[in-house]
Amino acid sequence: MSLSTKYDPTSIEDKWYKYWMDNKFFASKPDKNKEPYTIVIPPPNVTGQLHMGHMLNNTIQDVLIRRARMQGKEACWVPGTDHASIATEAKVVNLLKEKGIKKGDISREEFMEHAWEWKEKYGGIILQQLKKLGASCDWDRERFTMEEDLSAAVIEVFNDLHEKGYIYRGIRMVNWDPEGKTALADDEVIFKEVNSKLYYIKYLIEDSDHHLVIATTRPETIMADAAICINPNDDRFKHIKGKKAIIPLINRSIPIIEDDYVDMEFGTGCLKVTPAHDINDYEIGIRHNLPSIDIINDDGTLNDKAEILVGDDRFVARKKIAKLLKEADQLEKEEDYTSNVGHSERTNAVIEPKLSMQWFVKMEELVKPAYENVMNDTIQLIPPKFKNTYKHWMENVRDWCISRQLWWGQRIPAYYLSNGEYVVGKTPEEALEKAKMKLNNNAITLADLRQDEDVLDTWFSSWLWPISVFNGFKDPENEDFNYYYPTNDLVTGPDILFFWVARMAMAGYEFTGKKPFNNVYLTGIVRDTQGRKMSKQLGNSPDPLDLIKTHGADGVRSGLLLSSAAGNDLLFDVKLCEQGWNFGNKLWNAFRLIKGWEVKEIDTPVVSVKANAWFEARFEEALLEIENHFSKFRISDALMTVYKLIWDDFCSQYLELIKPPYGEAIDKESYEASIIFLEDLLKVLHPFMPFLTEEIWHQIKERDTKDALIITHYPIHKKFDGNLVKDAEVAFELITQIRNIRASKGISPKQGLKLFIKTDNEAIYQEYISFINKMANLDELQFTTDKIENAISFFIKSDECFVPMEGSIDVEKEKEELQKELDYISGFLKSVKKKLSNDKFVNSAPEKVVQIEKQKKADAEAKIKTLEASLKSLS
RNA sequence: GGGGAUAUAGCUCAGUUGGUUUAGAGCACCUGCCUUACAAGCAGGGGGUCGUAGGUUCGAAUCCUACUAUCCCCACCA
């Protein structure tokens, strides 16, 4: 059989994914004899296209789930998508616009039909893309946050919280889009730098000739002023405290109040307070019990409460007011000013802060267990630095505004009655019963109830995700829920630590009495090589599917993992994917080498016997290291350990050691050992590079359909001889030194060399003499008690080694190198001596540390002695 | 403005409760090799005093303080 020297991922990846799917290797069902291992996917938005963040995040999840599966756990990774109210509604509105349909012209029902149609058509794209990455989700368990059962859970939770008194209605300032005539979520508001003017307006102080000057960017709102505010510590305004001021043009009297909010440095140090049209002013208004005078209509024109300029648009009014003030000599000056102004993402209209009635969840009680159990590590955040961030947020949590003025989402199950009161029910029918009781009127019908127009915040469904995907609300006693919940690990970005993770913790404790997950692994944010966040606008995000096409899913997966420590942002470089591919190719070629060997039942060479024993121990050592990395969620380090194990230990050392001379056959024992080692390596690599490893697994030999690497048992750690590995290090170092001599002296690897070692510990070299002979191509290795003349020398620890040179050696160059080493070791000795001559050190440092220093001193002195002798013999 | 971090080799990062050489890895770089698995490879090599300034300590990359720079989250300037 001839195999290509270049590994081609495209030809095998689809094949193996199909094979895994066809054999249902991803599927999971409760099995009492096995330990469950569960991950729920952070559901991507149905509007989403796979981006680098998803790639990273899902690669990590897949590594964890594949490893757990191979460890014999009942691994279950639940996939799904999020309905994403705002983003999806915007997409649908745009699509309709292209068709010439305005949202305002169709009914809610019609809109929802279009929206569902859109969801059915595009909503699954992102999950299809995940399959290309190799994600081994249990696709039979796919859920959607707005599907029937999950929506029912949302409604049930709303009812439950309402009954507990955690849900209330309240006034809140929303971002109003006067053009779209709708409220916008914060993330739909785009702040832009705008050139505007700062108007300095004179307000007369009541019963005096003096006036105050107030700087504002919005003179058209003076008619809505409820107070003038100064900083209580501002001595400049001592004389007007407690007095009143007169609003120009309309001559209404307002109080002068004091509040810390006012920045004495800004403008004139006086602030006009307009509670109805500014969020900060609104809060000041609450603190000081001020009225909210709303002078702006939904369409941005002034209403009759403004008294003047009624009907004018706010921007027209701004200009007119400025003119009127100037004419009345109440405008001191105008200044050019740039400020950040919020614009609607959809219509680009300038946002008008507007008061409106919204639904809230009281957070005080919900937060408690979610807070405590993260602080005491019952739920572990990885890396732990996020505990600080979490703590701060939880301690300052504000009530959660859960209503959104949208159509796409779960409609709030509150129903208004004719008298203005409302009832909450799981169904309209249930609401009707409550309404009848409330009104004490059995005659009313469903037609008398008017359901709230708003839908719930998307997070109000996603916070239930770990529970609702297992139908924990529908049937808390069901087998799946009992078996899989609480889930094990959650992998997500730190940007949604509060929006999502914290709220899931709250929901978990509130509705199940249990935590929703044990560990939360917070990945970093994927940035470009210049450290910029990847974004559509910058166009600096590579298309993940293109990357997979060019570098293979395995290459991209390992590329991402190689660059990411948990919680640290990672600067993504395509080169890492190349490195990932290179690594795959290296393994592929190692496999080709083994596969190509002719095997004979001949005696196993001494070097191979030793090499087999050595690699077995080395593998165990690395496996231990890998386990350790995994236990700390150091995925990147775990992969690097596998990488070095395969590339350095297996390929560069082991295979070179057992490789038969050109044209000769390999002994059966070593061949079989190499196959076993290769299989073990495939197992530990599989979670990272599933496709290539599965391919090689099946090429090693004919296998039964059910004998798939994906479900093969992960190696279990065995005891091993650590000295075997440690002593071999000495041999490998010696080999490197001899190769170094060859390189620096231009001696061909084919030319045999002699080596003399001056040592007290012959055994350690004797042990690995076969390694040294083969890898360094020695003709002869001898031990000596004397210096060897006309030789190049080097040190292994404090043992001096000599390689005799034919002809004369460059004495000056040798001297130079010896001197260099002598200088270094002398400097080192000096620092050690300094430590040891310090009584305080000797007295207060632990005995062990002092012993180590003494040993260092002895070694250094011995080495200096031989170095000096060598120098002397050269001169 | 409030909060949270980070700063170690050209780049990306390790360095686990302060003490095993005068700090490690991967990549990049330099030199030599088309050596019979792999030139997307092999062998060898150079490179940092750990952001700056103080402090604690017998001992600091590691702990403390200040400063500087960068990043993230939240709130957004009349």
Side-chain angles (χ1 to χ4, degrees), chain A residues 3 5-7 186 191 198 214-218 229 261-263 266-274 278-281 337 339-340 342 385-386 388-393 396 494-495 497-498 524-525 527 529 531 533 562-565 567-573 575-576 578-579 581-597 628 632 634 636-637 640 643-644 651-652 655-656 659 661-663 736-737 739-744 746 748-750 824-825 827-832 835 838-846 848-853 855-856 859-860:
Chain A
L3 298 165
T5 58
K6 303 254 187 309
Y7 155 61
D186 288 348
F191 281 90
L198 202 53
I214 290 162
T216 179
T217 52
R218 300 203 61 191
C229 190
Y261 171 76
V262 179
D263 179 358
F266 190 89
T268 60
C270 286
L271 171 73
K272 73 188 206 56
V273 183
T274 320
D278 183 279
I279 176 71
N280 294 302
D281 291 13
Y337 184 71
S339 60
N340 267 337
K385 69 177 177 186
F386 285 108
N388 276 333
T389 324
Y390 186 87
K391 178 172 187 241
H392 184 257
W393 192 76
N396 296 286
D495 48 332
L497 180 61
F498 309 131
I525 293 164
R527 298 169 174 280
T529 44
K533 215 167 172 172
L562 282 171
S563 56
S564 67
N568 279 355
D569 286 359
L570 64 100
L571 307 191
F572 179 77
D573 193 337
K575 279 184 189 162
L576 287 163
E578 286 168 24
Q579 192 188 344
W581 184 88
N582 290 352
F583 176 48
N585 196 48
K586 182 74 187 174
L587 179 65
W588 174 249
N589 277 293
F591 161 67
R592 278 182 58 233
L593 174 68
I594 296 170
K595 189 78 183 166
W597 275 331
N628 186 34
K632 292 171 183 161
R634 293 168 165 237
S636 184
D637 292 334
M640 186 45 77
Y643 181 95
K644 286 194 279 194
C651 294
S652 297
L655 289 180
E656 292 298 333
K659 197 181 194 174
Y662 183 55
T736 299
Q737 288 283 11
R739 284 172 173 173
N740 185 8
I741 289 171
R742 287 185 190 277
S744 61
S748 159
K750 285 173 184 159
Y824 174 87
I825 198 84
F828 171 64
L829 179 64
K830 211 173 140 190
S831 78
V832 175
K835 263 191 201 174
N838 185 338
D839 288 343
K840 283 184 180 169
F841 169 74
V842 179
N843 294 333
S844 38
K848 205 174 140 196
V849 175
V850 178
Q851 277 307 323
I852 288 164
E853 291 301 317
Q855 186 60 48
K856 282 186 203 168
D859 289 350

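Below, read A as the first sequence line, B as the second, and so on, with proteins coming before strands; counting in each chain starts at 1.
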What pairs of nitrogen or oxygen atoms, one from the protein and one from nucleotides 58-60 of chain B, lie under 3.5 Å apart?
{"unit_1": "B:C58", "atom_1": "O2'", "unit_2": "A:Asn838", "atom_2": "ND2", "d": "2.8"}

For nucleotides 25-36 of chain B, which of its nitrogen or oxygen atoms have a protein nitrogen or oxygen under 3.5 Å away, and what is each distance?
{"unit_1": "B:A25", "atom_1": "O2'", "unit_2": "A:Lys644", "atom_2": "NZ", "d": "3.2"}
{"unit_1": "B:G26", "atom_1": "O2'", "unit_2": "A:Gln579", "atom_2": "NE2", "d": "2.7"}
{"unit_1": "B:C27", "atom_1": "OP1", "unit_2": "A:Tyr643", "atom_2": "OH", "d": "3.3"}

Could you go over nucleotides 70-74 of chain B and give all protein N or O partners under 3.5 Å, atom names and distances?
{"unit_1": "B:C71", "atom_1": "O3'", "unit_2": "A:Arg527", "atom_2": "NH2", "d": "3.4"}
{"unit_1": "B:C73", "atom_1": "OP1", "unit_2": "A:Lys533", "atom_2": "NZ", "d": "3.0"}

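Nearest-nucleotide positions on RNA chain B place A:Asp573 closer to the 5' end than the other of A:Asp573 and A:Gln737.
At the heavy-atom level, A:Ile214 lies nowhere under 4.0 Å from the strands shown. Heavy atoms of A:Val262 sit under 4.0 angstrom from at least one base atom. Within 4.0 Å of A:Thr736, counting heavy atoms only, lie sugar-phosphate atoms of the nucleic acid but no base atom. Among the protein residues, A:Gln851 comes within range of no part of the nucleic acid, since none of its heavy atoms lies under 4.0 Å from any strand. Residue contacts for A:Cys651: at a heavy-atom cut-off of 4.0 Å it reaches a base atom on one of the strands shown.
Atom CG of A:Leu655 and atom CG of A:Asn589 lie 11.0 Å apart (nearest 0.5 Å). In this structure, OG in A:Ser844 is found 7.5 Å from CG in A:Asn838, a value given to the nearest 0.5 Å. Interatomic distance, OG1 of A:Thr736 versus CD1 of A:Ile741, reported as 11.5 Å (0.5 Å rounding). Interatomic distance, CG of A:Asn582 versus OH of A:Tyr643, reported as 7.0 Å (0.5 Å rounding). Taken to the nearest 0.5 Å, the CD1 atom of A:Ile825 stands 8.5 Å off from the CG atom of A:Asp859. Rounded to the nearest 0.5 Å, atoms NZ (A:Lys272) and OG1 (A:Thr216) are 4.5 Å apart.
Nucleotide B:U57 holds its C1' atom 15 Å from the CG atom of A:Asn843, rounded to whole Å. Counting to the nearest Å, the C1' atom of B:A75 and the CG atom of A:Asp281 are 15 Å from each other. Rounding to whole angstrom units, NZ of residue A:Lys6 and P of B:G41 are separated by 9 Å. One can place CG of A:Asn589 at 10 Å from P of B:G41, the figure rounded to the nearest angstrom. Whole-Å rounding puts the A:Leu271 CG to B:C77 P distance at 12 Å. In this structure, A:Arg742 atom CZ and B:C42 atom P are separated by 19 Å, rounded to whole Å. At whole-Å resolution of the value, CD in A:Glu578 and C1' in B:A40 are 8 Å apart. Between A:Arg592 atom CZ and B:A40 atom C1' there is a gap of 13 Å when expressed in whole angstrom units.
The partner of B:A69 is B:U6, judged by Watson-Crick or G-U wobble contacts that both fall below 3.5 Å. Checking B:A25 for Watson-Crick or G-U wobble geometry (two distances, each under 3.5 Å) identifies B:U12 as its partner. Nucleotide B:C50 has no partner under the Watson-Crick or G-U criteria, as no pair reaches both atom distances under 3.5 Å. Using N1 to N3 plus N6-O4 or O6-N4 for Watson-Crick, or N1-O2 and O6-N3 for G-U wobble, each under 3.5 Å, B:U36 pairs with nothing. Figure legend. B:C30 is base-paired to B:G44; pairs are counted as Watson-Crick or G-U wobble with both atom distances under 3.5 Å. Figure legend. B:G19 is base-paired to B:C58; pairs are counted as Watson-Crick or G-U wobble with both atom distances under 3.5 Å.
Between the A:Asp278 side chain and the A:Thr274 main chain, no donor and acceptor come within less than 3.5 Å of each other.
Between A:Asn585 and A:Lys6, the closest heavy-atom pair is OD1-CA, 3.6 Å.
Remark: the separation of the P atoms in B:C30 and B:C71 is 31 Å, to the nearest Å. Spacing of P atoms, B:A60 relative to B:U52, comes out at 16 Å, to the nearest Å. Nucleotides B:A61 and B:U20 are separated by 10 Å at their P atoms, to the nearest Å.
Taking every side-chain heavy atom of A:Ala743 into account, B:G44 is the closest of B:C38, B:A37, B:G44. Comparing atom distances between the A:Ser652 side chain and each of B:G44, B:A43, B:A37 picks out B:A43 as nearest. Nearest to the side chain of A:Asn740, among B:G44, B:G41, B:A78, sits B:G44. Nearest to the side-chain atoms of A:Asn280 among the listed nucleotides B:G15, B:C76, B:A37 stands B:C76. Distances were taken from every side-chain heavy atom of A:Lys385 (C-beta onward) to each of B:A5, B:G44, B:A14; the shortest belongs to B:A5. Nearest nucleotide to the side chain of A:Ser831, out of B:U22, B:A40, B:G19: B:U22. Closest to the side chain of A:Arg739, from the set B:G44, B:A37, B:U22, is B:G44.
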Applying side-chain contact (heavy atoms from CB on, under 4.5 Å), run through A:His392 and A:Phe498 and close with a yes or a no.
CA-CA 11 Å; A:His392 184 257; A:Phe498 309 131; over 6 Å; no

Take A:Glu853 and A:Lys856 through the test salt bridge (Lys or Arg N to Asp or Glu O under 4.0 Å) and record every step on the way to the result.
CA-CA 5 Å; A:Glu853 291 301 317; A:Lys856 282 186 203 168; 2.7 Å; yes

Could you walk me through whether A:Gln737 and A:Asn740 pass the side-chain contact (heavy atoms from CB on, under 4.5 Å) check?
CA-CA 5 Å; A:Gln737 288 283 11; A:Asn740 185 8; 4.2 Å; yes

Residue pair A:Trp588, A:Arg592: steps toward the side-chain contact (heavy atoms from CB on, under 4.5 Å) verdict
CA-CA 6 Å; A:Trp588 174 249; A:Arg592 278 182 58 233; 3.8 Å; yes

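Residue A:Asn388 places no side-chain N or O under 4.0 Å from the OP1 or OP2 atom of B:G3.
Residues A:Trp393 and A:Tyr390 form no side-chain contact, since every pair of their non-hydrogen atoms from C-beta on lies 4.5 Å or further apart. In this structure the side chain of A:Tyr7 never reaches within 4.5 angstrom of the side chain of A:Leu587, judged on heavy atoms.
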